[in-house]
Amino acid sequence: MLKNILVTGAKGQLGKSIQYIQHHYPGNKFYYSDIDDTDICNVDAIEKLMQHTMPDVVINCAAYTAVDKAEEEPVKALDINAKAVKSLAEICERDNVFLIHISTDYVFDGNKNTPYREEDATCPMSAYGHSKLEGEIAILYHLDKALIIRTSWLYAPFGKNFVKTILEKGATAEPLYVVYDQIGSPTYAIDLAHAILSCIPEAIKLNGVEIVHYANEGVASWFDIAKSILKYANLNTTVHAVTSEKYQTKAKRPPYSVMNVDKFKKLFNTVIPYWNDSLEHCLEIIKNE
(Lines give C-alpha, C1' and ligand atoms only; values in the text may rest on other atoms or scores of the structure.)
Protein backbone atom coordinates (compact mmCIF):
# COMPACT_ATOMS: atom_id res chain seq x y z
CA MET A 1 0.00 0.00 0.00
CA LEU A 2 1.28 3.45 -0.96
CA LYS A 3 2.47 5.42 2.05
CA ASN A 4 2.91 9.16 2.30
CA ILE A 5 6.26 9.88 3.94
CA LEU A 6 7.12 13.38 5.13
CA VAL A 7 10.79 14.16 5.72
CA THR A 8 11.60 17.25 7.76
CA GLY A 9 15.08 18.78 7.71
CA ALA A 10 15.25 17.84 4.04
CA LYS A 11 18.33 19.96 3.28
CA GLY A 12 20.51 18.32 5.92
CA GLN A 13 22.84 15.39 5.28
CA LEU A 14 20.28 12.72 6.14
CA GLY A 15 17.40 14.49 4.40
CA LYS A 16 19.44 14.78 1.20
CA SER A 17 20.51 11.13 1.52
CA ILE A 18 16.87 10.02 1.72
CA GLN A 19 16.13 12.01 -1.43
CA TYR A 20 19.16 10.44 -3.12
CA ILE A 21 17.86 6.89 -2.57
CA GLN A 22 14.09 7.37 -2.64
CA HIS A 23 13.82 5.77 -6.08
CA HIS A 24 14.68 2.44 -4.42
CA TYR A 25 11.37 2.66 -2.52
CA PRO A 26 8.73 3.18 -5.25
CA GLY A 27 5.86 2.05 -3.01
CA ASN A 28 5.93 5.39 -1.20
CA LYS A 29 5.15 9.02 -1.96
CA PHE A 30 7.71 11.40 -0.49
CA TYR A 31 7.28 14.95 0.71
CA TYR A 32 10.20 17.09 1.84
CA SER A 33 10.27 20.13 4.06
CA ASP A 34 12.95 22.41 5.46
CA ILE A 35 13.20 25.74 7.27
CA ASP A 36 12.73 27.62 3.97
CA ASP A 37 9.11 26.47 3.74
CA THR A 38 8.19 25.38 7.27
CA ASP A 39 9.42 26.65 10.62
CA ILE A 40 8.99 23.59 12.82
CA CYS A 41 9.09 25.84 15.88
CA ASN A 42 5.78 27.29 14.68
CA VAL A 43 2.89 25.00 15.61
CA ASP A 44 0.59 26.53 12.97
CA ALA A 45 3.24 25.92 10.31
CA ILE A 46 3.53 22.26 11.35
CA GLU A 47 -0.27 21.92 11.24
CA LYS A 48 -0.42 23.33 7.70
CA LEU A 49 2.39 21.06 6.56
CA MET A 50 0.67 17.98 7.98
CA GLN A 51 -2.66 18.96 6.44
CA HIS A 52 -1.03 19.51 3.06
CA THR A 53 0.97 16.26 2.96
CA MET A 54 -1.34 13.94 4.97
CA PRO A 55 1.60 11.69 5.97
CA ASP A 56 1.38 8.15 7.27
CA VAL A 57 4.99 8.46 8.48
CA VAL A 58 7.08 11.46 9.48
CA ILE A 59 10.88 11.13 9.48
CA ASN A 60 12.11 14.01 11.61
CA CYS A 61 15.62 14.92 10.48
CA ALA A 62 15.18 18.59 11.44
CA ALA A 63 17.56 19.60 14.20
CA TYR A 64 19.82 22.27 15.59
CA THR A 65 23.18 20.56 15.04
CA ALA A 66 25.73 23.35 15.59
CA VAL A 67 27.22 21.63 18.64
CA ASP A 68 29.58 24.39 19.74
CA LYS A 69 27.21 27.25 18.90
CA ALA A 70 24.54 25.59 21.03
CA GLU A 71 26.65 26.48 24.09
CA GLU A 72 25.92 30.14 23.23
CA GLU A 73 22.35 29.50 22.06
CA PRO A 74 20.96 26.84 24.43
CA VAL A 75 17.41 28.23 24.23
CA LYS A 76 17.39 28.10 20.43
CA ALA A 77 18.75 24.53 20.52
CA LEU A 78 15.97 23.55 22.95
CA ASP A 79 13.32 25.26 20.82
CA ILE A 80 14.28 23.22 17.73
CA ASN A 81 15.44 19.96 19.29
CA ALA A 82 12.85 19.65 22.07
CA LYS A 83 9.91 22.07 21.95
CA ALA A 84 9.32 21.62 18.22
CA VAL A 85 9.62 17.85 18.65
CA LYS A 86 7.00 17.99 21.41
CA SER A 87 4.58 19.83 19.10
CA LEU A 88 5.26 17.39 16.27
CA ALA A 89 4.75 14.43 18.59
CA GLU A 90 1.43 15.79 19.83
CA ILE A 91 0.15 16.27 16.28
CA CYS A 92 1.37 12.80 15.22
CA GLU A 93 -0.42 11.24 18.21
CA ARG A 94 -3.65 13.08 17.43
CA ASP A 95 -3.56 12.24 13.71
CA ASN A 96 -2.31 8.65 14.11
CA VAL A 97 0.92 9.34 12.22
CA PHE A 98 3.99 7.20 12.92
CA LEU A 99 7.02 9.27 13.89
CA ILE A 100 10.64 8.28 13.27
CA HIS A 101 12.90 10.71 15.10
CA ILE A 102 16.67 11.02 14.74
CA SER A 103 18.67 11.49 17.93
CA THR A 104 22.35 11.33 18.84
CA ASP A 105 25.17 9.73 20.80
CA TYR A 106 25.58 13.09 22.57
CA VAL A 107 22.88 12.04 25.04
CA PHE A 108 25.68 10.01 26.70
CA ASP A 109 28.72 11.32 28.57
CA GLY A 110 31.18 8.98 26.85
CA ASN A 111 32.68 7.62 30.06
CA LYS A 112 31.92 3.99 29.25
CA ASN A 113 34.46 1.71 27.64
CA THR A 114 32.04 -0.72 26.02
CA PRO A 115 29.52 0.06 23.25
CA TYR A 116 26.49 2.03 24.42
CA ARG A 117 23.21 0.14 24.61
CA GLU A 118 19.78 1.73 24.42
CA GLU A 119 19.09 1.14 28.11
CA ASP A 120 22.32 2.78 29.33
CA ALA A 121 21.88 5.87 31.50
CA THR A 122 21.89 9.15 29.61
CA CYS A 123 24.04 12.04 30.82
CA PRO A 124 24.62 14.73 28.17
CA MET A 125 27.66 16.97 28.64
CA SER A 126 26.64 19.74 26.23
CA ALA A 127 23.71 22.04 25.51
CA TYR A 128 23.23 20.20 22.21
CA GLY A 129 23.14 16.80 23.91
CA HIS A 130 20.76 18.10 26.56
CA SER A 131 18.38 19.51 23.93
CA LYS A 132 18.35 16.23 21.99
CA LEU A 133 17.64 14.25 25.15
CA GLU A 134 14.72 16.57 25.93
CA GLY A 135 13.39 15.80 22.44
CA GLU A 136 13.51 12.08 23.19
CA ILE A 137 11.68 12.62 26.49
CA ALA A 138 8.97 14.62 24.72
CA ILE A 139 8.33 11.72 22.34
CA LEU A 140 8.28 9.17 25.16
CA TYR A 141 5.76 11.31 27.03
CA HIS A 142 3.45 12.33 24.17
CA LEU A 143 3.39 9.37 21.78
CA ASP A 144 2.07 5.84 22.23
CA LYS A 145 4.08 4.54 19.25
CA ALA A 146 7.26 5.88 17.65
CA LEU A 147 10.84 5.01 16.74
CA ILE A 148 13.78 7.02 18.05
CA ILE A 149 17.04 6.30 16.23
CA ARG A 150 20.23 7.47 17.92
CA THR A 151 23.13 7.78 15.53
CA SER A 152 26.70 9.09 15.67
CA TRP A 153 29.37 10.85 13.62
CA LEU A 154 27.15 11.33 10.58
CA TYR A 155 28.66 12.12 7.18
CA ALA A 156 27.44 12.10 3.57
CA PRO A 157 28.52 13.09 0.07
CA PHE A 158 26.42 16.23 0.64
CA GLY A 159 26.82 19.26 2.87
CA LYS A 160 29.55 20.08 5.36
CA ASN A 161 31.08 17.25 7.37
CA PHE A 162 34.36 15.76 8.54
CA VAL A 163 34.95 13.83 5.31
CA LYS A 164 34.55 16.93 3.14
CA THR A 165 36.79 18.95 5.46
CA ILE A 166 39.61 16.38 5.36
CA LEU A 167 39.39 16.17 1.55
CA GLU A 168 39.57 19.95 1.21
CA LYS A 169 42.45 20.36 3.65
CA GLY A 170 44.22 17.26 2.35
CA ALA A 171 44.29 18.73 -1.15
CA THR A 172 46.43 21.64 0.10
CA ALA A 173 49.26 19.27 1.17
CA GLU A 174 49.54 21.14 4.49
CA PRO A 175 49.99 18.81 7.52
CA LEU A 176 46.78 17.88 9.33
CA TYR A 177 46.30 17.53 13.08
CA VAL A 178 43.46 15.22 14.08
CA VAL A 179 42.38 13.95 17.50
CA TYR A 180 42.97 10.30 18.26
CA ASP A 181 41.43 10.08 21.74
CA GLN A 182 37.77 10.40 20.69
CA ILE A 183 36.50 6.94 19.75
CA GLY A 184 33.22 6.23 18.03
CA SER A 185 31.25 4.69 15.20
CA PRO A 186 31.04 6.80 12.04
CA THR A 187 27.70 6.64 10.25
CA TYR A 188 27.26 6.96 6.51
CA ALA A 189 24.02 8.90 6.01
CA ILE A 190 23.09 6.91 2.88
CA ASP A 191 23.33 3.66 4.88
CA LEU A 192 21.15 5.21 7.59
CA ALA A 193 18.66 6.45 4.98
CA HIS A 194 18.34 2.92 3.56
CA ALA A 195 17.98 1.51 7.08
CA ILE A 196 15.18 3.95 7.91
CA LEU A 197 13.17 3.41 4.73
CA SER A 198 13.66 -0.36 4.84
CA CYS A 199 12.51 -0.63 8.44
CA ILE A 200 9.24 1.29 8.08
CA PRO A 201 6.99 -1.75 7.36
CA GLU A 202 8.16 -3.42 10.59
CA ALA A 203 8.57 -0.23 12.60
CA ILE A 204 4.91 0.76 12.27
CA LYS A 205 3.96 -2.58 13.86
CA LEU A 206 5.92 -1.80 17.03
CA ASN A 207 4.19 -1.48 20.36
CA GLY A 208 5.16 1.61 22.30
CA VAL A 209 8.11 3.91 21.68
CA GLU A 210 11.30 2.05 20.78
CA ILE A 211 14.76 3.57 21.05
CA VAL A 212 17.40 1.99 18.82
CA HIS A 213 21.01 2.73 17.91
CA TYR A 214 22.28 2.85 14.35
CA ALA A 215 25.87 3.41 13.25
CA ASN A 216 28.16 1.60 10.86
CA GLU A 217 29.89 -1.50 12.20
CA GLY A 218 33.39 -1.10 13.58
CA VAL A 219 35.22 1.37 15.77
CA ALA A 220 37.48 4.27 14.85
CA SER A 221 39.02 7.50 16.09
CA TRP A 222 38.82 10.71 14.08
CA PHE A 223 42.52 10.16 13.32
CA ASP A 224 41.77 6.68 11.90
CA ILE A 225 39.03 8.08 9.70
CA ALA A 226 41.21 10.92 8.43
CA LYS A 227 43.97 8.47 7.49
CA SER A 228 41.46 6.30 5.59
CA ILE A 229 39.99 9.30 3.74
CA LEU A 230 43.43 10.39 2.53
CA LYS A 231 44.34 6.82 1.57
CA TYR A 232 41.19 6.24 -0.50
CA ALA A 233 41.53 9.69 -2.10
CA ASN A 234 45.20 9.09 -2.96
CA LEU A 235 46.32 12.17 -1.05
CA ASN A 236 49.79 12.07 0.51
CA THR A 237 49.14 14.69 3.18
CA THR A 238 50.78 14.02 6.54
CA VAL A 239 48.38 13.52 9.45
CA HIS A 240 49.50 14.02 13.04
CA ALA A 241 47.59 12.46 15.93
CA VAL A 242 46.82 14.92 18.74
CA THR A 243 44.85 14.79 21.97
CA SER A 244 41.54 16.56 22.50
CA GLU A 245 43.33 18.97 24.84
CA LYS A 246 45.20 20.32 21.82
CA TYR A 247 41.92 20.95 20.00
CA GLN A 248 39.70 22.87 22.38
CA THR A 249 35.99 23.23 21.58
CA LYS A 250 33.22 25.09 23.40
CA ALA A 251 31.12 21.95 23.78
CA LYS A 252 32.44 18.81 25.42
CA ARG A 253 32.48 15.76 23.16
CA PRO A 254 31.89 12.24 24.49
CA PRO A 255 35.38 10.65 24.48
CA TYR A 256 33.81 7.25 23.75
CA SER A 257 30.58 6.97 21.81
CA VAL A 258 30.63 3.58 20.13
CA MET A 259 27.05 2.43 19.62
CA ASN A 260 25.81 -1.12 20.15
CA VAL A 261 23.58 -1.78 17.13
CA ASP A 262 22.43 -5.32 18.01
CA LYS A 263 18.88 -4.23 18.80
CA PHE A 264 18.40 -2.53 15.42
CA LYS A 265 19.77 -5.56 13.57
CA LYS A 266 17.53 -7.93 15.50
CA LEU A 267 14.34 -5.86 15.31
CA PHE A 268 14.61 -5.22 11.60
CA ASN A 269 16.59 -8.26 10.45
CA THR A 270 19.22 -6.15 8.75
CA VAL A 271 22.95 -6.21 8.03
CA ILE A 272 24.90 -3.01 8.74
CA PRO A 273 27.99 -2.27 6.60
CA TYR A 274 31.42 -1.65 8.12
CA TRP A 275 32.48 1.97 8.35
CA ASN A 276 35.51 1.70 6.09
CA ASP A 277 33.50 0.11 3.26
CA SER A 278 30.87 2.82 3.52
CA LEU A 279 33.50 5.55 3.61
CA GLU A 280 34.93 4.25 0.35
CA HIS A 281 31.43 4.29 -1.18
CA CYS A 282 30.94 7.89 -0.08
CA LEU A 283 34.26 8.98 -1.57
CA GLU A 284 33.37 7.31 -4.88
CA ILE A 285 30.19 9.38 -5.10
CA ILE A 286 32.08 12.57 -4.26
CA LYS A 287 34.71 11.74 -6.88
CA ASN A 288 32.15 11.01 -9.59
CA GLU A 289 30.17 14.16 -8.91
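Index from 1, following the sequence. Since the structure is predicted, the reported quantities are computational estimates derived from the model, not experimental observations.
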With a 4.0 Å cut-off on N to O distance, would you call [X] and [Y] a salt bridge?
{"X": "Lys263", "Y": "Glu210", "value": "yes"}
{"X": "Asp120", "Y": "Lys112", "value": "yes"}
{"X": "Glu90", "Y": "Lys86", "value": "yes"}
{"X": "Glu280", "Y": "Lys231", "value": "no"}

(request) Could you pull out all residues at least two apart from Phe30 that satisfy ring-ring contact (aromatic ring centres under 6.0 Å, His included)? (result)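 Partners of Phe30 under the ring-ring contact (aromatic ring centres under 6.0 Å, His included) test: none.
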
(request) Would you indicate whether Lys83, at its atom NZ, is surrounded by more than 12 heavy atoms from other residues, nucleotides or ligands within a distance under 6.0 Å? (result)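 Result for NZ/Lys83: open.
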
(message) Run Tyr155 and Phe162 through ring-ring contact (aromatic ring centres under 6.0 Å, His included) and show every step you take.
(response) CA-CA 7 Å; Tyr155 69 94; Phe162 182 77; 9.1 Å; no

(message) I'd like to know whether the aromatic ring centres of Phe264 and His213 sit less than 6.0 Å apart in this structure.
(response) no

(message) Looking only at the aromatic ring of each residue, does the gap between the centers of Trp222 and Tyr180 stay below 6.0 angstrom?
(response) no

(message) Side chains of Ser131 and Asn81 only: does a donor on one sit below 3.5 Å from an acceptor on the other?
(response)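 Distance-only check passes for Ser131 and Asn81.
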
Could you check whether any side-chain heavy atom of [X] comes within less than 4.5 Å of a side-chain heavy atom of [Y], counting everything from C-beta outward?
{"X": "Tyr274", "Y": "Asn216", "value": "no"}
{"X": "Ile5", "Y": "Tyr25", "value": "no"}
{"X": "Val85", "Y": "His101", "value": "yes"}

(message) Suppose clustering is done on Ile, Leu, Val, Met, Phe, Trp and Tyr with side-chain heavy atoms closer than 4.5 Å. Which residues sit in the same group as Met125?
(response) none

(request) Measure the acute angle between the ring planes of Tyr256 and Tyr116, then classify it against the limits of 30° and 60° as parallel, tilted or perpendicular. (result) tilted

(message) Taking salt bridge (Lys or Arg N to Asp or Glu O under 4.0 Å) as the definition, give me every residue that meets it alongside Asp95, ordered by chain and number, with sequence neighbours left out.
(response)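 Asp95: no salt bridge (Lys or Arg N to Asp or Glu O under 4.0 Å) contacts found.
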
